[in-house]
2 protein chains.
Amino acid sequence: MTTRWLSPEEQRAWRAYIAASALLEDTLDRRLQQEAGLPHLYYSVLAMLSEAPDRRLRMTDLAEVLKITRSRLTYAVARLEKDGAVRREDCEWDKRGSVAVLTDEGMALLERTAPGHVETVRRAVFDHLDPGQVEQLERICTGITKALQGDGTETVTPDDLPWRRRSCPSS
Amino acid sequence: MTTRWLSPEEQRAWRAYIAASALLEDTLDRRLQQEAGLPHLYYSVLAMLSEAPDRRLRMTDLAEVLKITRSRLTYAVARLEKDGAVRREDCEWDKRGSVAVLTDEGMALLERTAPGHVETVRRAVFDHLDPGQVEQLERICTGITKALQGDGTETVTPDDLPWRRRSCPSS
DNA sequence: GGCATCTGGTTCAAGTTTTAAACAATAACT
DNA sequence: AGTTATTGTTTAAAACTTGAACCAGATGCC
C-alpha cells in the first residue's frame, strides 16, 4: 500500500504535540526533582498508590496503569523503598506476588509536594483550556491509548482501581 | 494561596494524557529502534533537517525546535554523525557556530523508514480523530508550549524555519 | 581599542534509567 | 503429573541525560 502521509493539518498537530510533550515532561521532571527529589514517573507511582484502597497495589497492576514495563517498575520501587516512601509486602494469596505499599513518610512527601506539582500542571495545561477542550483532550488521549494496546489487552485506567488482582480470589 | 486542585474532569483528562503519552513515546521508540536503529528523538533530528532549506541547521536552532538542551543535541548529533546520517560543518559567518547537515545516507535512511513511522503515528493518533479534533489537538498543544516557555522567550515552531540564524548577517 | 559580558557549542564526570534476556517461584491448565 | 503461563526480580550492558565547566568567538560599552 502506498503511504498515507499526514495532511498539513495533521503534520502541524503532530509537531505541536511533539514539542508540547517534550517540554511538558521536561518541566515536570525538573520541577519534581527540585521539590521532591524524584522524577515524574516516580512521583506518579506514589500518586497512584495514594489513591488505591489501603494505599497498596500489586506490582503488575501498578505497571499496567502507568503503562511501563514491570522491570522498569521494579527499579523505581526499589529506589522509592530506599527513600522510605514505599514498602514492599508479600501478597498473601498469591505467593509469587509482591505488593507496593505507600508508607506514611511517602504520603507525607506526596502531600508536601502535590500542591506545587498540581500548580505546574494547571498552569501548563488546564489554565488555558475551556471545559470542552478538557473533554476533547481526554477523548483524544483515551483513543490513542486504546489504539496502542487495543490489540488484545484491555485498557486499564485508574478508575478501574478496586483491583482485579487486589481482591482475594473469589472462592 | 490555597491549592487549586484539578476537577474530576481535569483529573481524568490528565491521567489519560499521562497514559497516552507514555505509551506513545514507548511505541514510537520501539518501532523506530527496530526499523531505523534510532530512538524517536534522533529520528526527529533527521526529519527536521530533511525539511530545512539545504538540509542544514544551526545546532541551537535545531535544539530550539525540538525543545531539548544543546547538550543533549550535541550527544545526539555525535551519534548520528558516527552513523553517517549527519555531518557537521562550521558556520561560515559565525565562527563559533556549527551546522548539522543531513547526508545523502541520512536522507536515504529517512526515506526508507518514514512510511512505517508515519503509519504508526497515523494508526495511533490520527486514524481515530476527526478534523475538528486534529485542530483542537494542535490548539491545545500549542497552548501548552506557549505556557511553558512563554516566559520571555518566543516559541519557535518548525514553520519559522527559514531561519533567523541561518541567513547571513544582514550587513 | 580594551574590558566585561554573552552566546554557541562541546566536553567531562557522573549518574540515572532503560532494556532485554534469563531466572526462580508459583499458579493454572490439560 | 506435566506443561505452560505469570509474577517479579536480577543481571549485564548499553544508552542517554544532566549540570557544570569551559573555550572560542561575538557583542556591547566606555
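Just so it is clear, the model here is predicted, and its values are computed rather than measured. We name chains A, B, ... by the order of the sequence lines, and we start the count at 1 in each one.
For B/R55 and B/D104, the salt-bridge test passes: some basic side-chain N is under 4.0 Å from an acidic carboxylate O. Contact check on B/E89 versus B/R56 returns a salt bridge, with a Lys/Arg side-chain nitrogen under 4.0 Å from an Asp/Glu carboxylate oxygen.
For a distance-only test at 3.5 Å, the side chain of B/S71 qualifies as a donor-acceptor partner of the base of D/dG19. Interface remark: the B/R96 side chain does not form any donor-acceptor pair with the C/dG9 base, using a distance-only criterion of under 3.5 Å.
Between A/Y42 and A/K95, the residue anchored nearer the 5' end of DNA chain C, judged by the nucleotide with its closest heavy atom, is A/Y42. Of the residues near DNA chain D, A/R88 and A/D26, the one whose nearest nucleotide (by heavy atom distance) lies more toward the 5' end is A/R88. Nearest-nucleotide assignment on DNA chain D puts the 5′-proximal partner with A/Y75, out of B/L41 and A/Y75.
Under the ring-ring contact (aromatic ring centres under 6.0 Å, His included) criterion, B/H40 pairs with B/H117, sequence neighbours left out. With sequence neighbours excluded, the residues satisfying salt bridge (charged side-chain N to carboxylate O under 4.0 Å, His left out) with A/E119 are A/R123, B/R4.
The end-to-end axis angle of the helix from C/dG1-D/dC30 to C/dT30-D/dA1, rounded to 10 degrees and based on five pairs per end, is 40°.
Nearest heavy-atom pair, A/V65 versus A/D61, reported as atom, atom and distance to 0.1 Å: CG2-O, 2.8 Å.
What separates CG of A/D94 from P of D/dG8 is a distance of 7 Å, to the nearest Å. As a whole-Å value, the separation of B/Q33 CD from C/dT19 C1' is 10 Å.
Contact annotation: A/R79 side-chain N/O to C/dT17 OP1/OP2 distance is under 4.0 Å. For C/dG9, neither phosphate oxygen OP1 nor OP2 lies less than 4.0 angstrom from any side-chain nitrogen or oxygen of B/T74. For A/S98 and D/dT9, the shortest distance from a side-chain N or O to OP1 or OP2 is below 4.0 Å. For the OP1/OP2 pair of D/dT17 and a distance below 4.0 Å, the side-chain nitrogens and oxygens of B/R72 include at least one atom meeting the criterion. Phosphate contact (OP1/OP2 of C/dT7, side-chain N/O of B/R70, threshold under 4.0 Å): absent.
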**Request:** Show your reasoning for whether side-chain hydrogen bond (donor to acceptor under 3.5 Å, both in side chains) applies to A/E9 and A/S7.
**Result:** CA-CA 5 Å; A/E9 296 79 30; A/S7 71; 3.1 Å; yes

